[in-house]
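Taking it in order: structure first as structure tokens, then the write-up.
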Amino acid sequence: MKTRAAVLHEMGMPAPYAESKPLKIETLELDEPEHEEVLIKIKAVGLCHSDLSVINGSRPRPMPMALGHEATGEIIKVGTNVTDFQKGDHVVCTFIPSCGKCIPCKEGRPALCERGAQSNEKGEMLAGGRRLHSSEGAINHHIGVSGFSEYAVVSTHSIVKVDSEVPFEQIALFGCAVITGVGAVVNTTQVKPGSSVAIVGLGGIGLSAVMGAKLAGARKIIALDINPDKFEIAKELGATEVYDSSQSDVIDQVKEHTNGGADYVFETAGAVPAMKVAYGITKRGGTTTTTGLPDPKQEFSFPQVTLAAEERTVKGSYVGSCVPPRDIPHFVELFKQGSLPVNRLLSDTISLDEINDGFDKLANGEVNRLVVKMD
Ligand SMILES: [Zn+2]
Ligand SMILES: [Zn+2]
């Protein structure tokens with residue numbers, strides 16, 4: 001069948017993207033779903049910094065690639081051996097397929113699925129191969145989803161069934177921003193009630209971490225960003241204090257006002273300067289967790305003595321250490337109860353044709369989350 005999709009042919013094209021148009025909207029041929037795959041009518045898909053990292057080339061992927069991963073939609077056809085899903089189900093896509101068979105999957109750490117990481121890196125489906133084609137050949141899949149498209153064929157190991165009452169443009173955010181940000185707080189770091197938390201970087205993941213910290217019962221939630229426009233929403237979501245992290249003395253400012261720093265600090269910007277601030281404002285005995293994915297050539301360093309002498313912990317968190325079929329329905333339920341106001345992350349909806357302009361807004365920090373709403 002045919003599908004209109006946003007395809008990236010070349011990484012590193014100059015911003016503004018509204019002019020250089022790195023994403024081309026093309027009509028592609030989409031194959032039928034195969035073994036343990038489904039065909040989804042995509043309804044909504046968020047613009048994420050991980051898409052931007054492929055567009056700007058800081059996380060290189062094979063080209064050409066159909067981008068988009070924070071996607072949701074309705075199953076319209078199932079392939080063979082699909083037992084847990086049926087036509088009409090609303091599903092959210094997750095950006096690491098979990099095979100269920102490798103050691104990390106068996107250990108309950110599907111974010112580290114070995115086969116999932118390999119297929120994502122190659123731009124293939126979990127089962128191998130590609131289901132999207134143009135007249136010039138196969139098109140690579142973006143992390144098993146390729147959601148900026150009218151239709152997508154995805155592995156059943158890349159989807160989670162969700163509540164059909166929640167609007168698509170809101171439920172899309174659970175697939176990436178929410179599980180990454182909330183999961184980093186409640187799963188990876190297991191923030192204790194009454195503790196102090198700081199979050200460096202207030203994009204979709206950082207604001208989700210603010211919500212997660214409130215949910216976890218943090219006494220103090222310190223929000224930092226280089227863009228003060230983010231402070232208002234951070235406060236609305238639960239931040240008790242805000243700081244401009246571009247100021248050269250920000251570490252001293254936070255330490256002074258927090259009696260030596262925060263118990264748990266999250267770096268969500270994926271940038272070494274943000275990680276330096278995060279480590280600097282972590283108190284003695286505290287934990288610094290990063291969810292960011294900077295350019296692989298970037299290195300972060302710190303005085304090693306602080307690890308032992310101050311009993312410091314540095315952690316990485318991928319997909320919020322979530323088990324998506326377990327955590328996404330829980331987070332959606334908390335959203336419905338009002339304790340995870342994920343709808344507040346949504347700045348606006350746009351059409352597929354406005355996608356390059358949308359990535360300019362995301363890159364410039366003008367929006368929290370923009371979602372492409374498909375007809
Ligand atoms: Zn993402
Ligand atoms: Zn696996």
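Each ligand, and each atom within it, is numbered from 1 in the order the structure gives.
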For this session: Could you tell me whether the side chains of Asn259 and Lys283 share a donor-acceptor contact shorter than 3.5 Å?
Result: no
Seminar exercise, completed: Atoms listed for the Zn ion (ligand 1) (protein only, N, O or S, under 2.8 Å, no waters) are Cys48 SG, His69 NE2, Cys176 SG
For this session: Check which hydrophobic residues are tied to Ile76 through side-chain heavy-atom contacts below 4.5 Å, counting indirect links as well, and list them.
Result: Met1, Val7, Leu28, Leu30, Leu39, Met125, Leu132, Ile139, Tyr151, Val153
Exercise. Is the shortest side-chain N to carboxylate O distance from Glu26 to Arg4 below 4.0 Å?
Worked result: no
Problem set entry | Pair Glu150 + Lys41: basic N to acidic O under 4.0 Å | no
Exercise. What about Tyr279 and Phe302, are their ring centers closer than 6.0 Å?
Worked result: yes
Exercise. What class does the angle between the rings of Tyr318 and Phe95 fall in, given that below 30° is parallel, 30 to 60° is tilted and above 60° is perpendicular?
Worked result: perpendicular
For this session: Grab the two heavy atoms, one from Val182 and one from Gly212, that are nearest each other, plus how far apart they are.
Result: CG1-CA, 4.2 Å
Exercise. If you look at every heavy atom in Gln170 and Val342, which pair is closest and at what distance?
Worked result: O-CG1, 4.2 Å
For this session: Identify, with sequence neighbours excluded, every residue that meets side-chain contact (heavy atoms from CB on, under 4.5 Å) alongside His49.
Result: Leu52, Leu362
Exercise. Which residues and atoms, protein N, O or S only, are under 2.8 Å from the Zn ion (ligand 2)?
Worked result: Cys99 SG, Cys102 SG, Cys105 SG, Cys113 SG
